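Everything numeric here is computed off the predicted structure, so don't read it as measured data.
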Amino acid sequence: DARVTQTPRDKVTEMGQEVTMRCQPILGHNTVFWYRQTMMQGLELLAYFRNRAPLDDSGMPKDRFSAEMPDATLATLKIQPSEPRDSAVYFCASGLGVTDTQYFGPGTRLTVL
Amino acid sequence: DAKTTQPTSMDCAEGRAANLPCNHSTISGNEYVYWYRQIHSQGPQYIIHGLKNNETNEMASLIITEDRKSSTLILPHATLRDTAVYYCIVRVKSNTGKLIFGQGTTLQVKP
């Protein structure tokens, strides 16, 4: 059955390095969301796109985070430079529209040393 | 979006119905009730949603009180694989995609 895929599943990096996380939404879904989950903050929305255009990125630290959709089958979340406080699980979700049900990927577990 | 209140944790015997309550006393008329769950180390999984009528699908039933101030998610025959954190979310179906996840209820299904 159709699923959201995310790569890599696990990433360990050192502080200051660039990190790129990738997401492939379910085919035909035009809305993509990025969430971050930590023990302290729980699940937080970072940004979301509709038809590849960013709609809201107010939850994202602008100085080091960037999110893009180079095409309809790929969404990316970059952190440059990474910091230990960025350690978290990053989830991508997709849906048929902004108001539609969101289907989540398995997440990327990021550890910044 | 309205705030929700859920018990921190619940236990359920395997094979029995699991009834997970959610209080959303400040819900507005155009806000839907959504339920997601998150099994350990996996992404959140959509379960069901409703506006004012009760809903049922292959996973669960959602019972919303007439005044819409609370709801109950029912897993009719809980299995060990239903052990997860269950999130009740109230959301306006408008132009915003934001799902605000609270702390949820940790459901432990026991043999």
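- Phe104(A) places a side-chain heavy atom less than 4.5 Å from the side chain of Tyr36(B).
- Taking the side chain as every heavy atom from C-beta outward, Leu99(B) and Tyr35(A) approach each other to under 4.5 Å.
- Going from atom CD of Gln102(A) over to atom CD of Gln45(B) covers 14.5 Å, rounded to the nearest 0.5 Å.
- Taking the side chain as every heavy atom from C-beta outward, Phe91(A) and Gln38(B) approach each other to under 4.5 Å.
- Annotation: Gln103(B), atom CD; neighbour count of heavy atoms from other residues, nucleotides and ligands within 6.0 Å does not exceed 12.
- For Glu18(A), the CD atom is densely surrounded, since the number of other residues' heavy atoms within 6.0 Å is greater than 12.
- To the nearest 0.5 Å, the span separating CG on Leu43(A) from CD1 on Ile100(B) amounts to 12.0 Å.
- In this structure, Arg64(A) places its CZ atom where more than 12 heavy-atom neighbours from other residues, nucleotides or ligands lie under 6.0 Å away.
- In this structure, no portion of Gln6(A) lies under 4.5 Å from any heavy atom of chain B.
- No more than 12 heavy atoms of other residues, nucleotides or ligands shown are found within 6.0 angstrom of CG on Leu27(A).
- Taking each heavy atom of Gln37(A) and Tyr87(B) in turn, the nearest pair found is NE2-OH, 3.8 Å.
- Linking ILVMFWY side-chain heavy atoms closer than 4.5 Å, directly or via other members, places Ile47(B) and Met10(B) in a single hydrophobic cluster.
- Put simply, the side chain of Tyr34(B) reaches to within 4.5 Å of the side chain of Thr101(A), judged on heavy atoms.
- Leu107(B) and Ile74(B) are members of different hydrophobic clusters when ILVMFWY side chains are connected at heavy-atom separations under 4.5 Å.
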